[in-house]
Peer 1: 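Got a structure here, written out as structure tokens. Questions coming.
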Amino acid sequence: MDGTRGSAAFDQEQPESAWFGNERGAQIVVRDPSLGVPDQRRLAVVPAGHPQGYLDAFAAFVADTYEAVRSGPDPEGWPDGLPTFADGARAAHVIDAVVGSAADGTWREIP
């Protein structure tokens with residue numbers, strides 16, 4: 001993925017690392033379950049060197065969704081990272097801007 005301030009690359013064959021680069025240089029970041037913010041560590045369910053896959057991510061999402069349902073309708077009580085209606089609306093705005101930009105070749109503002 002390339003952006004205006006840098007680039008990122010992920011190789012599914014090397015799931016323990018990601019490459020990030022910009023005009024100042026590049027670095028490879030390796031997954032370490034003992035590092036990062038608490039929510040990140042909570043979701044790292046396998047030790048370093050063992051790839052965490054789709055099934056692990058899906059199981060964590062389902063567990064967080066059940067926790068949100070149990071805690072009630074206020075997103076403040078939900079586990080961090082669960083999508084909200086506002087997240088879905090933002091994604092729809094992004095997709096609309098991408099489709100419009102592709103159609104006429106112009107930059108689009110995302111509301």
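Along the sequence shown, residues carry numbers from 1. Since this is a predicted model, take the numbers as computed values, not measurements. Because only heavy atoms are used, hydrogens play no part in the values below, and waters and symmetry mates are left out as well, while side chains stay in.
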Peer 1: Could I get the full list of side chain to side chain donor-acceptor pair (under 3.5 Å) partners for Gln14, not counting sequence neighbours?
Peer 2: none
Peer 1: Among residues two or more places apart or on two chains, list those pairs meeting side chain to side chain donor-acceptor pair (under 3.5 Å) that have a residue in residues 16-28.
Peer 2: Glu16-Arg31
Peer 1: Just wondering, do Thr106 and Arg108 contact through their side chains at under 4.5 Å, heavy atoms?
Peer 2: yes
Peer 1: For Pro75 versus Pro73, what's the shortest heavy-atom pair and its separation?
Peer 2: CD-O, 3.1 Å
Peer 1: Provide the closest heavy-atom pair for Pro79 versus Ala68 in the form atom of the first, atom of the second, distance.
Peer 2: CD-N, 4.2 Å
Peer 1: Taking it one step at a time, do Trp107 and Ser101 satisfy side chain to side chain contact (heavy atoms under 4.5 Å, CB included)?
Peer 2: CA-CA 6 Å; Trp107 285 97; Ser101 177; 5.9 Å; no
Peer 1: Please verify the inter-ring angle class for Phe61 with Phe58; under 30° counts as parallel, over 60° as perpendicular, anything in between as tilted.
Peer 2: tilted
Peer 1: For residues Phe20 and Ser7, determine if any side-chain heavy atom of one lies less than 4.5 Å from a side-chain heavy atom of the other.
Peer 2: no
Peer 1: Please tabulate, for side-chain N and O atoms in residues 87-100, each donor-acceptor pair with protein atoms closer than 3.5 Å (sequence neighbours left out).
Peer 2:
| from | atom 1 | to | atom 2 | distance (Å) |
| --- | --- | --- | --- | --- |
| Asp87 | OD2 | Thr84 | N | 2.8 |
| Asp87 | OD2 | Thr84 | OG1 | 3.2 |
| Arg90 | NH1 | Pro111 | O | 3.3 |

Peer 1: Does Phe10 CZ have over 12 foreign heavy atoms under 6.0 Å away?
Peer 2: yes
Peer 1: So does Arg42 pair up with Asp64, basic N to acidic O under 4.0 Å?
Peer 2: yes
Peer 1: Assess whether side chain to side chain contact (heavy atoms under 4.5 Å, CB included) is satisfied between Arg41 and Leu43, documenting all intermediate values.
Peer 2: CA-CA 5 Å; Arg41 290 192 310 268; Leu43 296 170; over 6 Å; no
